[in-house]
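To start, the structure under review is shown below, and the notes come after it.
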Amino acid sequence: MKRTYTILLLLIGILLQKSVAQDAKMKAHVDGLLKKMTIEEKIGQLNLPVAGWVPTGTTVSKDTEDKIKSGQVGGMFGYYDPVRMKAIQKIAVEQSRMKIPLFFGLDVIHGHRTIFPIPLGMAATWDMALVEKSARIAAQEATAEGLNWTFSPMVDIARDPRWGRISEGNGEDPFLGSAIARAMVKGYQGDDLTQNNTLMACVKHYALYGGAEAGRDYNTVDIGRSSMFNYWLPPYKAAVEAGAGSIMTSFNVVDEVPATANRWLMTDLLRNQWGFKGFVVTDYTAINEMTAHGLGDLQAVSALALKAGVDMDMVGEGFLTTLKKSYDEGKVKMADIDLACRRILEAKWKMGLFKDPYARLDESRPAKEIMTPENRKASREIAARSFVLLKNENQILPLAKTGKTVAFIGPLADNHRDMLGTWVIAGEWEKSVSVMEGVKNVAPQLNTLHSKGANITDDTAFIHRLNFFNQPMVTLDPISPETMLRNALEASAKADIIVAVLGESQSMSGESSSRTDIGIPESQRKLLEELVKTGKPVVLVLFTGRPLTLEWEDAHCAAILNVWAPGTEAGNAIADVLFGDVNPSGKLTATFPRTVGQIPNYYNHKPTGRPYNGSYQTKFQSNYLDSPNYPLYPFGYGIGYSPFTYEEMKLSSAKMSGNGTLTASVKVSNVGKFAGEEVVQLYLSDPVASISRPVRELKGFQKIMLQPGESKVVEFKITPELLKFYNYELKYDWEPGEFKIGIGGNARDVKEQVVNWEKSVRP
Ligand code: NOJ
């Protein structure tokens, strides 16, 4: 024992020495460069133009290659073509005076070429190994195409499904969100960022971007300090602690100051308290936008951003065009410019770019490493595990592979484009598997019928807004809606079961895609009503980038399988689940409200002074005249083909003290006919504290596999670490007293027990 301990200490010592030596080497290299650089060249390193790919703002970069030659560019984003990028890197390292290599970034969000489920779907797997694997594959493919930096993970907590970017995040919970943040960083960066198959992660959008008021993208945010620390900031902190190399500012204000000029956020908290060692990049033209926030002209806001802790300016060129002037006028110091430039150069060192600027620019890699059968297989397996079965009356699912006639109806049934979801720059929708193709692959003997039945939407003005950059993402079918409906009903008449494949198209969620009506679009809803009227069982396969309002669908469809936007292997994965080769095990990470009027509706809300949980309105209680408070589907919810039962939870003790460890255990049984996975969730609450604490908070989860008839005892170890929160003074600690502990299959169905936890044993 003693020997192992000594060896371990020795090893840690050696590693520490190695890293100190590495740091010293890096410092010497960067010091050397800084000494030789002119102020213009230093500012140039802080400039990040966009090229190649479509922009996400109204400004576009110009004359980039000339700027590279004259040392005015630190990195670029938008390209994913190693031949072109190699030529550009050559300009930087051969034709610019300082010969400093460039970064190459891109939004690689849920896969690069092989697309995985949208992040909200990935989160629904609750499987950190799968999350990490998807990021690893994305890094492998992206580096094969020349990239060394991704603008991911997006770890913004979101409680408002009107916000289109809820699709790009992990949902509403900070504990789960933190675990996913760590897994993504690990998957992208691996253990050694100098390896040519790793990508530097960029955590975004720091901070609180998901708190946009009214769910309107880019809108203002109003969140108090302790709330920020307890519910919104943990995932960014987790990503930083996992070693993320960079972080992106958000467009919104944080405590009244735009994030991009918020020194408290970027310097006091991020660097001084959390110990972040990487660099900060703005979001797209976020510096320039601070003029509209009311903080001054471009020169003023650029100086503010630099002094607050921004190192790199995305697209807006506020740094490039004004920092020298600010320096000459004494408004910024050389030390501020040096510090930002140092951080950029250090990142390049950490990526191994000074050693070999071409390490990830190998033209022979794409042919071997992109969309390999293994990558597609992983995408299929992960997608199937992201689906959430919301309803399954009379065990209508899984469907038999032969025997019955099944009509697949809906605009998403034979569709490729919308399989991938939002933010898929390099993803090729033409290579995705449609639902009909998947059904043919998995159940070739099945008697199937297909009919489109409706347009995604009939609203031409809405279609125009969906088809940004003139891409025909959503089109009106030349056949009239009436004829499409008639054809669909004819097909349905010949079927035993109807599978309605409906929902949101790709551009209905994602950036700048907020909605005030989050139902299935009207044209499709009308179709669904007609299908239900046939009296045949209707299985709804639902595509969505956000929680939708589904009260009517829940009341009228026999089954609802929520498939998000599953990625390249969509159709195969959906068929795997529909026909029972995979038992669905996904669980929601964002609450599905009954109506838009209930929003925000999230599980870890605070109690009110007049709490209410009933169904009907009671005067002078916190409720609605026309709706219950509770959502349609709670956080953590999702069923499978086999029911799981939970026995009474057991606590190792009802009284605890000091740093003891409490064990909470529960026996979970698979009482159905299918082997399946269940996500067992641990919830805690602190009903008496110095500040009002949430009614319930997720503090642990385990995904277990159970064979039919099998039971397992699942144990959670609870230490005071899990009881901690930020109090009004932002002190992170726990307060003694009563705690409620519960284990369940979702945030609603949890039976709690009380434990008394004192700071120390009472005399
Ligand atoms: C704006 C988005 O907010 C951000 O997430 C993205 O990384 C940048 N555009 C770059 O495309």
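Keep in mind that this is a model prediction, so the values were computed, not measured.
Looking at heavy atoms from C-beta onward, Trp274 lies out of side-chain contact with Ile247 at the 4.5 angstrom threshold.
Pairs engaging residues 200-213 under the salt bridge (charged side-chain N to carboxylate O under 4.0 Å, His left out) rule: Asp107-Lys204 [sequence neighbours left out]. Every pair passing ring pair (Phe, Tyr, Trp, His ring centres under 6.0 Å) that includes a residue from residues 296-350 is listed here, sequence neighbours excluded: His29-Trp349. The salt bridge (charged side-chain N to carboxylate O under 4.0 Å, His left out) contacts involving residues 279-303 comprise nothing, where partners must be two or more places apart or lie in separate chains.
Taking 4.0 Å as the cut-off between side-chain N and carboxylate O, Asp31 and Lys27 count as a salt-bridged pair. Ion pairing between Asp311 and Arg271 holds under the 4.0 Å rule for side-chain N and carboxylate O. Ion pairing between a basic and an acidic side chain is recognised when a charged N comes within 4.0 Å of a carboxylate O; Asp127 and Lys133 show no such pairing.
Contacts of Glu256 classified as side-chain contact (heavy atoms from CB on, under 4.5 Å), with partners at least two apart in sequence or in another chain: none. For Ala158, the side-chain contact (heavy atoms from CB on, under 4.5 Å) test picks out Trp163, Ile166, with sequence neighbours left out. The ring-ring contact (aromatic ring centres under 6.0 Å, His included) search around Tyr236 returns Tyr206, not counting sequence neighbours.
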How far apart are the C-alpha atoms of Thr422 and Glu168, what are their side-chain angles, what is the distance that settles it, and do they pass the side chain to side chain donor-acceptor pair (under 3.5 Å) test? CA-CA 8 Å; Thr422 184; Glu168 285 179 62; 4.9 Å; no
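Relative to the six-membered ring of Phe725, Arg693 meets both conditions, a distance below 6.0 Å and an angle of at most 45° to the axis. For the pair Lys699 and Phe175, the cation-pi criterion (under 6.0 Å, within 45° of the ring axis) is not fulfilled.
In this structure, the ring of Phe279 has its center less than 6.0 angstrom from the ring center of Trp149.
Leu147 CG to Leu199 CG: the interatomic distance, rounded to the nearest 0.5 Å, is 6.5 Å.
Although no hydrogens or angles enter the test, the distance criterion places a donor-acceptor pair under 3.5 Å between the side chain of Gln189 and the main chain of Ala201.
Side chains of Tyr188 and Thr150: no donor on one and acceptor on the other come within 3.5 Å. Judged purely by distance below 3.5 Å, without hydrogens or angles, the side chains of Arg159 and Thr591 never pair a donor atom with an acceptor atom.
When each of Lys324, Lys331, Lys325 is tested with Asp328 by the rule side chain to side chain donor-acceptor pair (under 3.5 Å), just one qualifies, namely Lys324.
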